[in-house]
There are 2 protein chains.
Amino acid sequence: MPSYHPPIQDVQFLLHDVLKISEHDIPGYDDLSQSFTEAILTEAGKLGSEVLNPLNASGDREGCTLLDGHVTTPVGFKEAFAQLRLGGWTGLDMPVEYGGQGLPCIVHTAVGEIFSASNQAFSMYHALTHGAASAILTHGTQKQKETYLPQMITCEWTGTMNLTEPQCGTDLGLIRTKAEPESDDYYRITGQKIFISAGEHDLADNIIHLVLARIVDAPKGIKGISLFIVPKFLVNEDGSLGRRNSVQCSKIEDKMGIHGNATCVMNYDGAVGYLVGKPNQGMRAMFTMMNEARLGVGLQGLAQADVAYQNALEYAKERLQGRDVMGTKSSEDSADPLIVHPDIRRSLMDQKSFTEGARALVLWSAMLIDRGHRKDDQPTIQLISLLTPVIKGFLTDQGYEMTIQAQQIYGGHGYIEEYGMSQFTRDARIAMIYEGANGIQALDLVGRKLLEEGFETIERFIRSVSKYIIRHRNGSEFTQHFFDVLQSSTTHLQLAVNELKEKSQANPNFALAGSYDFMHLLGHICLGYMWTKIALVAKEKRDSTQIDHRFLNAKINTALYYMERRLPATEMHLRRIKSGDKRITALDPRDF
Amino acid sequence: MPSYHPPIQDVQFLLHDVLKISEHDIPGYDDLSQSFTEAILTEAGKLGSEVLNPLNASGDREGCTLLDGHVTTPVGFKEAFAQLRLGGWTGLDMPVEYGGQGLPCIVHTAVGEIFSASNQAFSMYHALTHGAASAILTHGTQKQKETYLPQMITCEWTGTMNLTEPQCGTDLGLIRTKAEPESDDYYRITGQKIFISAGEHDLADNIIHLVLARIVDAPKGIKGISLFIVPKFLVNEDGSLGRRNSVQCSKIEDKMGIHGNATCVMNYDGAVGYLVGKPNQGMRAMFTMMNEARLGVGLQGLAQADVAYQNALEYAKERLQGRDVMGTKSSEDSADPLIVHPDIRRSLMDQKSFTEGARALVLWSAMLIDRGHRKDDQPTIQLISLLTPVIKGFLTDQGYEMTIQAQQIYGGHGYIEEYGMSQFTRDARIAMIYEGANGIQALDLVGRKLLEEGFETIERFIRSVSKYIIRHRNGSEFTQHFFDVLQSSTTHLQLAVNELKEKSQANPNFALAGSYDFMHLLGHICLGYMWTKIALVAKEKRDSTQIDHRFLNAKINTALYYMERRLPATEMHLRRIKSGDKRITALDPRDF
């Protein structure tokens with residue numbers, strides 16, 4: 001059975017040494033002392049590794065079952081969910097006035113990785129609730145907030161996002177679910193939604209569905225979409241549960257992975273729904289949920305890669321197979337451990353340099369969110385908006401690739417279900433698809449964030465990396481190692497931006513044909529930037545203290561690995577972007 | 001349900017226009033006229049698409065079941081297997097004297113792709129039999145050949161390869177299964193083998209296990225391994241089946257994919273086994289099977305990618321979602337088909353350029369095998385020996401990546417089992433693992449084929465590509481497009497070879513740290529070389545005939561896509577190789 005060890009030392013190092021959170025003047029960061037974050041991470045780590053992780057494999061095997069409209073989650077999920085709720089873990093960064101703890105997003109993010117790595121399918125039940133609560137918090141009326149938030153923040157009630165219909169996934173303008181006004185107070189919602197994660201289950205007393213629907217006579221397409229709260233049980237004036245609403249789960253999907261989470265077909269048959277925000281402005285509200293969800297999904301990419309890596313590493317240390325080509329390592333054993341072999345190490349270093357770099361990126365991004373929202377800092381909000389599709393798309397693509405590499409280290413034992421490595425890859429696969437398939441992330445990045453909104457934010461980002469290089473370049477061989485590569489990759493990014501600027505006005509397809517490569521190019525630079533920061537901090541700390549040298553040296557070596565082995569991908573992505581759309585658009589569909 | 005269309009036009013084009021098989025002076029190639037190969041491919045295609053493919057999804061759902069030592073295969077497998085046998089498909093390239101058809105390997109390969117794409121799990125039953133029969137053919141006594149081959153070639157009896165044990169996968173020197181001589185005639189085999197594909201099933205009257213074991217008092221390690229025939233039922237002198245041998249299937253594995261094929265734990269309890277070849281020379285004999293199997297597995301990588309691509313393409317044409325950014329394509333519909341979107345096309349072109357290029361590579365390789373073996377042409381045999389790990393490792397890695405891309409085009413529908421795309425990825429995943437995990441292929445390529453055997457063959461290959469460029473470069477813009485890229489990638493390969501030559505004598509880890517990248521670098525060049533050949537032929541044919549212009553233009557465009565978008569990966573691989581082993585070997589295992 002796979003095990004999981006929460007990366008407490010690494011997160012502490014990132015928070016306090018690399019990001020130096022106490023030095024930022026962000027409201028709420030004063031409270032985040034070393035000992036405070038360590039205590040939180042330790043407790044979350046216990047819950048994750050001791051309670052949630054043991055249910056991961058069994059949850060996968062058992063899956064969810066639907067009988068007469070009721071969904072039963074795997075054995076143990078109910079008790080674990082209660083434990084999570086009672087520990088106050090579901091509202092860490094939610095407002096105190098509604099029962100949350102008011103902590104910054106960065107704490108919620110660090111803890112989120114641990115829960116997701118421990119049990120992705122399980123964590124989706126509360127993660128989606130968090131997203132739904134955020135949407136109500138931002139767009140709901142005072143009464144809606146008071147009615148739903150306290151219970152959602154404690155996960156007594158859970159939440160869902162209802163977007164997809166059989167005929168519409170990405171293109172929400174095609175939504176057919178209709179909303180008919182019944183009184184000043186509510187609408188009647190009718191239609192079918194599919195792929196609704198946690199749409200029905202036995203973990204909570206009520207389920208608050210957030211549903212996109214079209215009010216009768218609304219404008220066609222995306223501009224006629226509104227958002228509704230559709231509770232499974234209506235809520236009485238006094239807050240108690242009232243009658244069952246006419247929403248039913250008619251099917252749960254048989255999926256490749258995340259079996260512990262019920263993916264439901266939901267039928268709305270004149271269900272009572274309450275409008276959230278203004279009519280026809282549902283997409284705006286839904287984007288609050290989606291942006292949050294996209295960061296959370298990027299985190300899943302990292303989380304599955306990390307737990308898979310941890311287990312592959314253990315296996316590589318224990319499994320005896322073959323001899324070290326440089327000379328036998330364990331002469332008393334029949335063979336040397338896998339980890340002596342260079343290609344096994346190459347794979348482990350790929351994984352390690354990805355997960356630790358990605359962790360730095362998501363924590364830095366969470367800090368940007370805190371700074372942006374808590375200080376109403378618009379340039380920072382624009383930067384995180386630019387980075388959101390990269391975090392979702394790049395981290396889930398690369399995260400998946402790394403779970404595959406981790407599985408590969410097990411050889412045939414990775415392919416059979418017994419060892420749990422197959423589950424990591426099957427679970428990780430969904431993260432590239434849901435909350436906007438990764439191609440849509442690339443489209444969002446290049447089509448919306450660059451072409452539509454202009455290149456200002458990306459160029460500010462490039463300047464800030466360049467400034468960082470200039471500020472820290474001191475001629476030493478050590479910094480040279482990093483800055484040569486980072487500078488040349490940043491130049492690739494700038495050249496790619498120039499290409500898009502030049503050619504895409506006349507021909508938007510040029511930019512879109514390179515969008516996927518642009519997302520990966522930018523992703524690699526983000527990780528290269530993080531690794532450079534980490535290495536400089538690690539060196540400084542190593543040179544000035546006596547502690548943790550092994551940890552710090554490993555950081556520096558892993559940073560160098562990323563710069564030398566992974567970052568060179570930027571040049572390939574630039575070449576692909578430059579090759580444009582000519583070969584891509586040439587063929588008539590019949591000639592494929 | 002996914003469908004499958006055999007690539008008959010493409011194979012015909014490759015065989016007769018690109019490879020020009022009738023112009024090669026290879027024994028047996030005289031008979032391979034256009035109409036002959038078309039007839040064979042058409043019949044194989046019917047069997048594949050109409051009989052085997054419909055059993056693919058149901059076989060995945062049902063899987064195999066073990067009861068009292070008997071394994072039941074999925075419904076319909078038995079009848080389909082009988083149909084395959086009676087059609088003579090199992091012995092296409094086997095000697096006529098033992099009931100085969102004596103056709104060249106290239107025909108067997110072209111047909112093999114079709115069967116594998118139609119149903120990978122099913123095809124393994126006869127593919128492994130073919131491998132076992134080849135080993136007996138090459139290393140068995142006359143009596144062994146007469147006793148087993150006729151029934152194995154018709155698949156009345158099937159065959160298996162028994163290598164892996166719980167404590168040994170890659171490192172066969174660790175084998176513990178023992179063989180005790182009982183008479184001049186036979187040994188008693190005792191031990192446990194795991195991961196035995198088709199180890200037990202209900203498709204054949206007898207199963208002929210080829211088992212690696214250690215004769216008592218044999219030398220330690222790999223030099224003490226012998227190969228044995230261990231039939232499930234002993235064979236009487238008259239060829240009839242005798243008593244049950246003491247070999248049992250005690251478990252079938254729960255796997256990520258290929259559910260239709262029984263992966264067995266096999267227990268040998270003093271089973272009667274007949275030595276194949278000389279004592280302690282089992283590895284030699286096993287390599288006959290493994291080399292053949294490795295090419296077959298490379299073919300699986302291509303085959304799964306192709307069938308996944310075919311279905312993704314259909315979905316992209318039919319699924320309406322979003323609007324073409326360059327202007328609405330289907331104004332009467334609610335949205336345009338997915339295929340209008342540049343990033344969807346980018347993905348489809350990745351897939352198309354891989355599968356068609358890979359098909360050219362495997363057919364060219366099969367021709368090399370025919371030339372090598374039928375003309376006893378040693379340099380050609382060395383070349384195919386060099387390319388074998390590339391075909392296995394590169395084609396299964398890339399093939400898997402392409403099935404993932406195909407699945408991605410389906411969005412959420414790709415993740416649920418209903419549409420069959422998940423199965424393609426789950427089935428394709430094993431090809432990177434079995435018959436030597438891909439890291440082992442890289443080790444075989446760099447460690448054995450380059451460092452041990454010398455660089456002569458790879459340098460001859462590089463010279464032949466360079467000569468091809470010189471011969472065909474004619475200053476036209478068209479050839480320039482191809483030769484610039486191919487030349488520069490070939491230079492990357494030469495530089496990589498130089499690096500390995502220079503640095504690996506003093507430090508073998510340098511080469512091994514770059515082995516995986518070297519395998520991919522060489523793989524990309526093989527495909528770039530194939531695409532250049534294809535494009536030149538397609539252009540010549542287009543300029544000289546009136547037929548098939550759409551097909552030929554698509555070939556040229558796809559070739560250009562590969563050269564511009566995929567081949568630039570070689571530079572990245574070169575940089576990684578050059579970065580060496582320093583960061584890879586630096587960390588103490590405790591510091592990972």
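Naming convention: chains lettered A, B, ... in sequence-line order (proteins, then strands); numbering from 1 in each chain.
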Among [options], which residue has the highest count of heavy-atom pairs closer than 4.5 Å to chain B?
options	value
A:Ile430, A:Val325, A:Thr170	A:Ile430
A:Glu571, A:Glu356, A:Glu253, A:Gln407	A:Gln407
A:Glu401, A:Met432, A:Lys578, A:Gln423	A:Met432
A:Ile258, A:Leu172, A:Ile577, A:Thr263	A:Ile258
A:Gly580, A:Gly173, A:Ala316	A:Gly580
A:Ala554, A:Pro568, A:Ala437	A:Pro568

Between [X] and chain A, with a heavy-atom cut-off of 4.5 Å, which part of the residue counts as in contact: side chain, backbone, both or neither?
X	answer
B:Asp581	neither
B:Ile404	both
B:Ile409	neither

Inset, instruction - Identify the residue among A:Arg429, A:Met256, A:Arg426 that makes a side-chain contact (heavy atoms from CB on, under 4.5 Å) with B:Ser422. - result: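 When side-chain contact (heavy atoms from CB on, under 4.5 Å) is applied between B:Ser422 and each of A:Arg429, A:Met256, A:Arg426, only A:Met256 qualifies.
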Legend entry - Passing candidate, salt bridge (Lys or Arg N to Asp or Glu O under 4.0 Å) with A:Asp591, options B:Lys317, B:Arg550, B:Lys352: B:Arg550
Using heavy-atom distances under 4.5 Å, tell me whether [X] contacts chain B through its side chain, its backbone, both, or neither.
X	value
A:Ile344	neither
A:Leu512	both
A:Ser515	side chain
A:Ile339	side chain
A:Met326	side chain
A:Leu313	side chain
A:Arg319	side chain
A:Ala442	neither
A:Gln321	both
A:Tyr400	side chain
A:Gln167	backbone
A:Tyr309	side chain
A:Thr164	neither
A:Tyr415	both

Legend entry - Salt bridge A:Asp517-B:Arg565, side-chain N to carboxylate O under 4.0 Å: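 The answer is yes: the pair qualifies as a salt bridge.
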What option among [options] has the most heavy-atom pairs under 4.5 Å with chain A?
options	result
B:Arg346, B:Arg566, B:Met349	B:Arg346
B:Pro337, B:Gly414, B:Gly257, B:Ala569	B:Gly257
B:Pro508, B:Ala511, B:Gly447, B:Gly514	B:Pro508

Legend entry - Sidechain-backbone polar pair: A:Arg583 side chain, B:Leu560 backbone, donor-acceptor under 3.5 Å: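 Not a single qualifying donor-acceptor pair exists.
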For the residue pair [X] and [Y], what are the closest heavy atoms and their distance?
X	Y	value
B:Gly322	A:Asp171	N-OD2, 2.6 Å
A:Pro342	B:Ala513	CB-N, 3.8 Å
A:Gly412	B:Ile433	N-CG2, 3.4 Å
A:Leu320	B:Leu174	O-CD1, 3.8 Å

Pairwise distance [atom1]([X]) to [atom2]([Y]) - rounded to 0.5 angstrom:
X	Y	atom1	atom2	value
A:Leu567	B:Met572	CG	CE	11.5 Å
A:Arg61	B:Asp254	CZ	CG	9.0 Å
B:Lys582	A:Tyr561	NZ	OH	15.5 Å
B:Lys220	A:Ser334	NZ	OG	9.5 Å
B:Ile252	A:Ile416	CD1	CD1	12.5 Å
B:Ile584	A:Ser347	CD1	OG	10.0 Å

Side chains of [X] and [Y]: closer than 4.5 Å at any heavy-atom pair?
X	Y	answer
B:His341	A:Ile440	no
B:Glu564	A:Arg575	no
B:Arg345	A:Pro589	yes

